[in-house]
Each structure stands twice: as C-alpha cells, then as structure tokens.
Amino acid sequence: MDYNFGEIEPRWQNYWREHGVYHVDNDSSKPHYYVLDMFPYPSGAGLHVGHPLGYIASDIYARYKRLRGFNVLHPMGYDAYGLPAEQYAIQTGQHPAITTEQNIKRYREQLDKIGFSFDWDREVRTCDPKYYKWTQWTFLQLFKHYYDNTEDKALPIATLEARFAKSGSEGLDAACTEVLDFSAEEWNSWDEARRQQVLMNYRLAYLADIPVNWCAGLGTVLANDEVVNGLSVRGGYPVERKLMRQWSLRISAYAQRLVDGLEQVDWTDSLKEIQRNWIGRSEGAAVWFPLDVKSNANVLPGVQAYMTQFDPQPVPSFEIFTTRPDTIFGVTFMVLCPEHELIDQITTVEQRQQVQDYVTWAKNRSERERQAEVKKVSGVFTGAYAVNPLTEERIPIWVSDYVLAGYGTGAIMAVPAHDSRDFAFARHFNLPIRQVVALEKDAVSDPATWTESMDAKTGYSVNSGFVTGMKVKEAMKAVIDRIEEMGIGHRTVNFRLRDAIFSRQRYWGEPFPVYYKNGIAYTIPEECLPLELPEVKEFKPTATGEPPLGHAEKWAWDTKTNTVVNCSAIDNKTVFPLELSTMPGFAGSSGYYLRYMDPRNDEAYFSKEAVGYWQNVDLYVGGAEHGTGHLIYARFWNKFLFDLGMAVKEEPFQKLINQGMIQGRSNFVYRSKADNGLFISKGLIKNMDDVTPIHVDINIVDNDVLDIERFRQWRPEFADARFELEDGKYVCGWEVEKMSKSMYNVQNPDDLVARYGADTLRLYEMFLGPVEQAKPWDTNGIEGVHRFLKKFWKLYDTSLTSETSLTGPATKEELKVLHQTIKKITDDVERFSFNTSVSTFMICANTLTDMKCDKREVLKPLAVLIAPFAPHIAEELWHQLGNDTSVFDASWPQYDPQMLVEDTVKYPVQFNGKMRFTIDLPADCTQADAVAAVKAAPDAAKWLTGEPKKVIFVPKKIINIVL
RNA sequence: GCUCUGGUGGUGGAAUGGUAGACACGAGGGACUUAAAAUCCCUUGCCCGCAAGGGCGUGUGGGUUCAAGUCCCACCCGGAGUACCA
C-alpha cells in the first residue's frame, strides 16, 4: 500500500476533532505546561510558509510535553483589531468586521490543514465584545490606580485621595507627570475639577497634553515603537511631533521592574538586550547649577524672582542630569534644549533676537529632518552664565537641539573633552576644551591636538581638584558624595522608556469606557462593560478632524440609565459625550495569554483557580520584531495585574523563543538588452550589464530550472519569448529577498500540503534549519523529507504484511539503534533542535530498512517518537499496530542507558608515557565501569595488559591510563 | 557610533573541547524500464596520485590545551536592534 497522505491526514484530523483529543481541562493531577504562540493578525493575504514555522515548532513541543505526561495548554486566537482592516474599509466601504471575519475563516482553514493541536474551544478574538470587555476593564483599573514608589507597586487612587485630604502631597513618592507640592488645606479647598486635574497627574492611565508622533498619512497618533526613522512602520508615512491631548499608560513607572524582571526569565541574551536598550536605564547624578546673577547684568528683569521659586535652592539655579559626575571639573559650557522653560527668562537683551530665531527654527524642524542632520552642529549663546558649583567658575549657557527635551531635565553640563557631542559643539563654536580624565595619571596632553574626545569610563581623574588621581569609578562616587553633602544634587536614575501613548484616532479598535463632563474624564461603571464599538457610516476621520467615532449617531453616555444613547441627547447634565478615540493594537494583545486560561468567563477576566493552576506561559514562541512593542506592553500589563493580586507570576512569559524570519528566495530570468524577446540562461551570460534581470514566479521554476511553456503563458508579453539554453535547460538566477507578492516569491502552505501532505510540510519546515535562525524559503529540498516519509511508511507496511521476511525478534543491534534514537530525539526536542531531530529519524529509518528481522517491537516506540513531528502518519501507523486509542494518549519511550555503552575504544593516543583512550560512556558510568569497558575493548587489549598504574577519569569523556 | 548575532563544501546545514562536513538538496555515474516517472546502488570539501597513499582545509592573525569550528585576545566581513538618551 502506498503512502496516501491525502486520505490519511483529513481522516485523522476529523478523528481528533470528533474525539476532542486536544481539549484541555483546567484541573488535572498532571503537571501543567503552557505553550503559547503569538496570535496572528488575520490579514487579507492569508498565510505564507513563514507564518507556520513558529506554530509548528511550538506544536511539536506541546505534543512532546503531552506525551511526557503534562497537561498542556496550547491555544490559538486572533489579534483582530488593527489598521489594515480599517484601511481596507476606508477604500472599499466594507465593514472591517466583515473582512476580518472572512480573513479569520481563511486563516482557520489554512491552519487546520497543517494539523495543529490547538484547543479551539479556547479561541479568543480581540475584537469580540466578550473579550475586549476585559481590555476595557483593565484600562479602568489602570485609570483607578497610581504607582507608589515607596511601596513599589500600584495602589488605588482612593488611597491617594485619602492621603491628600490628610497630609497633602507631603512625603509622597509616586510616579507622576509633574512633581506637585500642596498641603491638605489646599487639597480640601479645591473644587472637583481641580482635584481631578491633580489626580490625573498620578493615574496609570492618564490624559495629558504631550508631544506625540502624529501621522497625517494614517490620520492617527503612533507609539514610539511604531515609528522608525521618522516614518510610520505601517505604510511608511512621515510622522511629526505635535502637542496633543492623549491617553497614555504610565509604563515608565514600571521601568525598573521591567529591567529587573529580565533576570528571572529564560529569553535569549539578544532579546533581553533589546529590551534593556529600549528601557535605557542610566545611573548618574542630578546637579543644580546656580545662575550667575551678579555677572548677568543684562538678564531680563523678572529672572531673579523667577529663579528664587526653585526650592530647596535659595540660589537661582537649574537642574542638569549627567552620567559622568566625575568630569564636573571639565565643564566649559552648559546647553539647554530649545524647549527649555528657562530660555526666555535668562536670555540677555543682546542675544534675545538670535535665541528666538534659533528656537523657532528648531521647533519647526520635522523629526525626520532633525534625524537626517544629526551630524550638523547648530546652537546659539544665551548671553547668560552659570556657576560651576564645585569650581565656582563662570560658564556660558548655550541653546542647542542636540540636547533633547524628553530626556533627563533637558539641560546638560557640557564636558567637551569627554563627550563626543560636546566635543563637536565646542570645536564648531570654538569653546574651550579641558582634559579631566587620562588613561594614566600623567598622560595629559593638549586637547587642541585631539581629533576626538575621550569618552571611555576608564583611567584616572586629572586637573580635577579633590578627585585628582582617583580612578574614574571612585571619582564618580566622590563627586556625587560631595554634591549630596553640599545639598546641590543627588544620585538618580534616568530611563529612556517613555509612557505609551494609548489613543488612536481610528475606528477599528476598543472604545475607551470614558465620557466627558465639563471637560473632565469620567469612567463608565465596571458593570456596564463592555462598551461596544458603535456603527458608523464612514470610516474616515470627520471633516472637523475628529476620529471616525465622531460619525457615530449613538455615542453618548446617559448617567441616569447608564446606557449608550444618541448624540443628539447630549445635554451635559445627565447625558455626556463619549471618548472618540480608540485603543491601539497592543491593548488587546497585552493580556490575551491570561484570557486563554479561562476564555468563557463572563464574571471575571479569568478565575483565580484558572490562573492558580496555569500560573504563566511556560513557553512563548514568536518573532523578535515584538521586542520593543508587544513584549514590553504585555510585561507591563502583567506586572500591573500582579500588583492587583490577579496574576500570580510577575513575569508573563517564562521561556521565549524567537523564530527566525523566513525570507523569500526570488528567481530571475535574464532578458537580453540587445534583443528584447531573448532570454539568456544564467550560465551563458558573459556580462551582467548586457541583460535585465526580471522576477519570475517561483511556482513556474523547479530547482532553478524554468518551465518554459508555463513562462510563455504566465504573462502576455512573454508569449513569444525565445531562449538561449544550456544543456537544453533555462537556468534561473536567485536572490534572497523579503517574501512578498511583488517579488513573485510567496510560497503558499496549502499548495505544499496538497502536493506532499501536512506531515511533509511540518518536517520540512523544521528540517530547513534551527528555528531561531532567519533563512530563505527554498522548496528544493522538500522531496528529501517526503521520500523519508514514504520510506518510513514502507518500513511499517512491509513489517506488518510480509511475515515471511521476518527472521525473529529484534536483535541487539536493532534495539541499540532504537535506544540511540530515543536519546537523541529526546535531547534534541528538549533543546528545540528540531532540524537535527528530523535527521535522526532519517538515519534510524535507513538503518532499520536494511535489517531483516521482526521490527514491530522497534516500530511501536518509533511511532510515538515521531508523533509530535508528523502526527498524521504516526497516528495511522499507531492504529495499524493494533492500538485503538490515540497515539497522543501513549507515553514517551524511555531509553536504556546500558544499551548505549560502546564496546569498542576509539582514538587511542599515546603521549608522555600515558595512554589515552576515548570512549563513549553513559552519563552515570563510574570509573570502574570505564576501566572495565576499556579492558573489554578488543582495540585496547594489546595496549592494556596488566592493571594500570594510574587512571585519570573524566566522566562521559576521557580516561587516561598510565602504563 | 554603541549593543547583540553570525562567518564551516555548489546549496540548506551537522558536530556536550575529542575522527570536521552528519542528514538532505544539487551534481556525476550505474541498475531496473521499450521509454519516462517512481525506486534502488555508487561517487561527490580542495590539491597531488592510475592506485595504495599523502598534503591542505571551519573569515584573518596570535594564544591556551595532549587535542580548538568550539575557549581567550586582536582584526576583517555579513545580519539584526538602537541611535545626538548626556
């Protein structure tokens, strides 16, 4: 009987479905294991072969864990809210819900064909009101909590209100937009509006006027990770900085915990590093530099009064942040960012016009221009001076856009000798440069001769007053200590991580459960959730520039009935307008892994029992492109729910594997430039300049050989194509590019399943190379694994049918092959090396094919071993061997270490009067066993005649025997 | 620039510090066949040699080791992330 995958695969897929083989319960005496894939965004293009790579890997591991006796949670769902569906709606007028539904249906069909073990009873969709109810609910909790730095966790806003009423802001250390200082009396005297304004300053989900990434092309605001080089990641439209009133999540409050948490998880170093860089923690000092008021005769009149409001400093001064406090003796100027609030106050009359012009110019520059011209030095002198608090020197204050408003305090002390940017600035404006650090204590030179600054944090301080001669690290500490003693600064930590902007001026997303009363945001009651997305006639922004929800007729909140009513009813007494923006894509994906634990619960996000059982995700598989987006937001989300006592683990994803991107392998034909109808085979081209490479559909190319007839039919302009062939074939060129329709290099998994079967596709995707590695898709090798499956099938077929060829029970040799295979496969699967696993199966099958005895004893465990990889064929063979339950109810075979002991000694080497034998030994082998094994080995017998004088034994590896 | 990765045949890739190139593709040769497909067998890192055999080989140069693709130092070249972050 032939290997008829087309019949076998659908049959077992039905069997699994009908028998609920993949159904998972939340209580079990078995140990739990949670394997999660990053759920897909169902785009209109469908799946290509790159998408299932990670799903296949996780499916193998999930099935393996199950065979090892674990209760495995392996769910799948859809990240269904997002821009492409909405862009499509704008173009065609089709409701995004309809196109999304269609796309999901297609995804499901494609996924089903590959034979995954997902528990579809647990499917979630982010656009489903029953799901986004909990996205909105989490938002409400974020709104109702603040971050207390003293307790180092989120606490209810009510706690804060009580505190303010009792003692004002005194002693409060909380994450906030702006540090406020007020007394209990003040708080108690304030009206509702003022109090709400103050509370907003602390909420973890807050509304504020902030500079945002406004993308006119998409008509929405974008988060930092959605913008690259001043262009939107989606669509590539220009992005500008704009001040807008937006919802944000105070993710920066969790910056330290997000850094610390990386120590506890089992992720790749590179991904941890990506997150550390993104969070950007730097230690340093905040230092107050007093303004030199006496010498600033021309300073505008109000400045003295302005400066004295800074508390605790009675002296007029402003704050800078530095990571190099040790270089404070090398400060030769200060720089403020163009947005700095002190500029207007301190600029002298003479410099005023110049400074104003510069500030205007800098503010109007687009983000893109600014980034493109990073190397260009620009700036202007304010005419004002500050005083170096340690040297009491007078130093000029400049304005330049190389100092950023968003980081630190927007003001720096410039040390041109030891900072490359300060160095460039000093050279450009001819400002003094003073060396204060040297590699050796006496290695001082004239900075005028330098070509670059000395930025490294190594060496010794020189010309630096009381720290001269100290190592850089000691000097840092000494300077900060002195600064703290003097009361002019303190140690501090700065993060690069910004709060996440949470509003999107779009339709296809979760509505905010928020309405506005007198311009103040109020949340709708929790029991009224979900606040469902209203219908609109038009998906574009409104004429007034409001988001698409402005088109909704029924989008007002009635506080009497707690229902959504028509906008015409708005009276601002009991009926109020609802928020018009929607939540971003990362909202729905930030907590979905928790919802899978208890997906049909209408009373809670997830039950205590469910999360208590599953804890967190044991293995998460997905792309590294989410390193600075989803994976940060989800960790933040989880930590917040942890503070609320809901999540039981602080980190959501224990182990994480990034599957490498599958690139496309494009094929080219080469058209002669001299003769437009002539195509020259690759090997015959003398000079690449004579030909034009043209992308050709990879589906009409086989092993880089062009199917000439299909090429002629492919496009009308090639109907009369002529060819210069080599050996009667037209050989195409190839290149690795992104997989995309326009390059004609997209490989659809459905075609491969139809041609070779799902098991072949699964094995081949794994065989291609390590899961983590990026690699081009190349269908050429798929025949190899398909041949293997045919051979594997035949191995069973002949063993079961042709009894006459069997000569007896499995031999020791045969069993040894089996036990080696069990060990190798187990080890490989444990370390996610699925490509070598496939090779091991091939070797095993080759060896067994040649053996002439009854193989059934061997084939049974082999069916279980291969089941995670090729579930359909394994299930079929398992049943043919006489089992009537699923192979996935079997248990993983164990190997016998005794079977693996080598009885021949390898590589005897003689050196220094010692005799070395290298021998394969099982892990638990003792020294005595090793000596016995060596003695027993025929190769060693001639060397080792008596008892050895001395034995040096390294377990598993080496035995040195002194003769 | 900084950080992280990687560099092995014609190709994808194997190799807990222990016979480098497993396994597969491709290529070449052969068997079966009227023929083709399918299947099976042999060869296939490079160089010298009819052969037996010998020499060279994991980006480059050093080092540690009885032993280095693997560990250490320096450099070169790809890929990714990030970027006036003080």
**Report entry** Distance between P atoms of B:G10 and B:G63 (Å, rounded)
**Finding:** 29 Å
Query raised in the report: If we take the P atom in both B:A38 and B:G28, what is their distance in whole Å?
Result: 15 Å
Query raised in the report: Which residue pairs pass the salt bridge (Lys or Arg N to Asp or Glu O under 4.0 Å) test with at least one member in residues 774-791 of chain A, sequence neighbours excluded?
Result: A:Arg665-A:Asp778
**Report entry** Rounded distance in Å between the P positions of B:G45 and B:A22
**Finding:** 8 Å
Report task. Could you measure between the two P atoms, the one in B:G13 and the one in B:G9, and give it in whole Å? Result -> 12 Å
Query raised in the report: If the P atom of B:A83 is compared with that of B:U70, how far apart are they to the nearest Å?
Result: 35 Å
Query raised in the report: How would you label the glycosidic angle of B:G61: syn (within 90° of 0) or anti?
Result: anti
Query raised in the report: Just by modelled atom types, is the A:Asp455 backbone N or O under 3.5 Å from a matching donor or acceptor in the A:His418 side chain?
Result: no
**Report entry** Rounded distance (Å) that lies between atom P of B:A83 and atom CZ of A:Arg421
**Finding:** 14 Å
Query raised in the report: Using the P atom in both, what is the distance from B:C42 to B:C47, to the nearest Å?
Result: 24 Å
**Report entry** A:Arg755, CZ: over 12 other non-hydrogen atoms inside 6.0 angstrom
**Finding:** no
Query raised in the report: If pairing requires Watson-Crick or G-U wobble contacts with both distances under 3.5 Å, which nucleotide is the partner of B:A14?
Result: none
Requested in this report: May I have the distance from A:Lys272 (atom NZ) to B:U3 (atom P), rounded to whole angstrom?
Outcome: 19 Å
Report summary line: In 5'-to-3' order, the base (B), backbone-only (S) or no-contact (-) status of each nucleotide in nucleotides 23-29 of chain B, using a 4.0 angstrom heavy-atom cut-off, is BSSS---
